[in-house]
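Just below is one structure, and these are the notes that go with it.
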Amino acid sequence: MNVANNIDFKSEIKKIAKEKNAVILAHYYQNDDIQDIADHIGDSLALAQWAKNTTADIIVLCGVHFMAETAKLLCPEKLVLLPDTNAGCSLADSADPTEFKAFVDAHPDHVVISYVNTSAAIKALTDVVVTSTNAKAIVNSFPLDKKIIFAPDRNLGNYLNSITGRNMVLWDGACHVHEQFSLEKILKLKQEYPKALVLSHPECKKVILSISDFIGSTSALLNFSKNSVAQEFIVATESGILHEMRKVCSEKLFIPAPPNDSSCACNECNFMRLNTLEKLYFCLKNESPYITLDDNIKDRAVIPIERMLKISQDLGL
Ligand code: 13P
Ligand code: SF4
């Protein structure tokens with residue numbers, strides 16, 4: 001008999017978290033049961049802000065590795081747990097530190113802006129980090145003629161260039177989930193639901209963004225759907241966000257945008273979904289797996305994150 005079958009994970013997680021003064025932070029792309037048990041759910045920016053401000057001794061980051069690593073960089077004295085250390089990110093993996101250093105060296109007079117979806121090694125080569133919530137405001141905080149490298153997401157970079165009138169040099173990376181949405185299938189859904197608005201994350205391809213009614217980070221999509229008079233939405237981002245959307249607006253219809261390949265659940269991030277309630281329970285109980293940092297880069301890597309948090313605070317984000 002699997003011993004795990006006898007455990008009421010939800011109540012045990014709550015109990016141990018209280019005993020150990022641990023806070024459970026979850027991204028909107030987590031499985032529903034993890035979102036339900038978390039102390040806070042939010043987007044990448046909110047997770048970094050909660051981590052920075054928490055008084056807890058332990059942070060359990062239910063998300064992917066770069067999110068937990070960001071929390072650890074901000075709180076090096078705290079224990080930061082990640083339920084499954086294989087929860088990586090295809091976008092973060094698309095920037096190899098050695099190649100990225102050569103790219104930065106080839107553009108010596110450029111400011112380096114990196115998306116938070118990067119490893120600490122890339123952050124250590126970065127001037128300021130952004131998330132999808134604050135990217136536009138942070139890019140705009142630089143003079144229009146300032147030369148900028150933006151990494152690693154080419155779709156977000158192209159989108160930012162188009163809305164800020166810049167010509168940032170882009171690293172050629174992408175997220176395997178957001179690249180998968182099917183234009184044909186979304187247009188077909190629009191015929192079935194003519195009143196539905198299309199809400200898209202800026203990591204989606206340009207063609208998807210071009211038919212979208214609203215583009216924003218996960219929290220921005222959530223807020224838009226909450227405040228909109230529309231009743232139906234086709235949502236082009238990881239489908240985990242629909243859990244909170246349906247909770248907040250139970251009377252509205254939320255339809256996940258379909259991926260190109262109908263045989264897979266490609267609008268779910270396979271990395272995010274590696275975390276389960278069972279793994280959350282065991283990592284909290286055993287205080288492992290936990291995040292460690294490379295001593296040679298940690299002090300440099302936190303600087304652009306702190307800059308981002310300061311600018312966001314100044315902007316009221
Ligand atoms: P958010 O900034 O909306 O949290 O996006 C994070 C992410 O990983 C998108 O794929
Ligand atoms: Fe990374 Fe994409 Fe998963 Fe977000 S959805 S964590 S960008 S792989």
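Each ligand, and each atom within it, is numbered from 1 in the order the structure gives. Every value quoted in this text rests on a predicted model; they were computed, and no experiment measured them. Along the sequence shown, residues are numbered consecutively beginning with 1.
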- Hey, is Y29 one of the residues with a heavy atom under 4.0 angstrom from ligand 1? yes
Q) Are any of the heavy atoms in H178 under 4.0 Å away from ligand 1? A) yes
Ligand 1 atoms nearer than 4.0 angstrom to some heavy atom of S132 are 1 (P), 2 (O), 3 (O), 5 (O)
(request) Kindly confirm or rule out an N or O of S44 lying under 3.5 angstrom from an N or O of ligand 1. (result) yes
Quick one: does E238 get a heavy atom under 4.0 Å from ligand 2? no
Has T133 got any heavy atom lying under 4.0 angstrom from an atom of ligand 1? no
Is it true that K247 and D32 have a side-chain N and a carboxylate O under 4.0 angstrom from each other? no
Numbered in order shown, the ligand 1 atoms found under 4.0 Å of a heavy atom of N117 are 7 (C), 8 (O)
| said: So, 4.0 Å and heavy atoms of H27: is ligand 2 close enough to count as a contact? | reply: no
Is H27 in contact with ligand 1, taking contact as a heavy-atom separation below 4.0 Å?
yes
In S312, S217, S44, the residue satisfying side chain to side chain contact (heavy atoms under 4.5 Å, CB included) with T133 is S217
In this structure, atom 3 (Fe) of ligand 2 is nearest to the protein heavy atom C269 SG, 2.4 Å
Under 4.0 Å from one or more heavy atoms of E203, ligand 1 contributes atoms 7 (C), 9 (C), 10 (O)
If you scan protein heavy atoms around atom 2 (Fe) of ligand 2, the nearest is C175 SG, 2.3 Å
When distances are taken from atom 1 (Fe) of ligand 2, the protein heavy atom at minimum range is C89 SG, 2.4 Å
For T218, the atoms of ligand 1 under 4.0 Å from one of its heavy atoms are 1 (P), 3 (O), 4 (O)
Salt-bridged, E69 to K72, with N to O below 4.0 Å? no
Ligand 1 to H201, heavy atom cutoff 4.0 Å, flagged ligand atoms 1 (P), 3 (O), 5 (O), 9 (C)
Ligand 1 to S217, heavy atom cutoff 4.0 Å, flagged ligand atoms 3 (O)
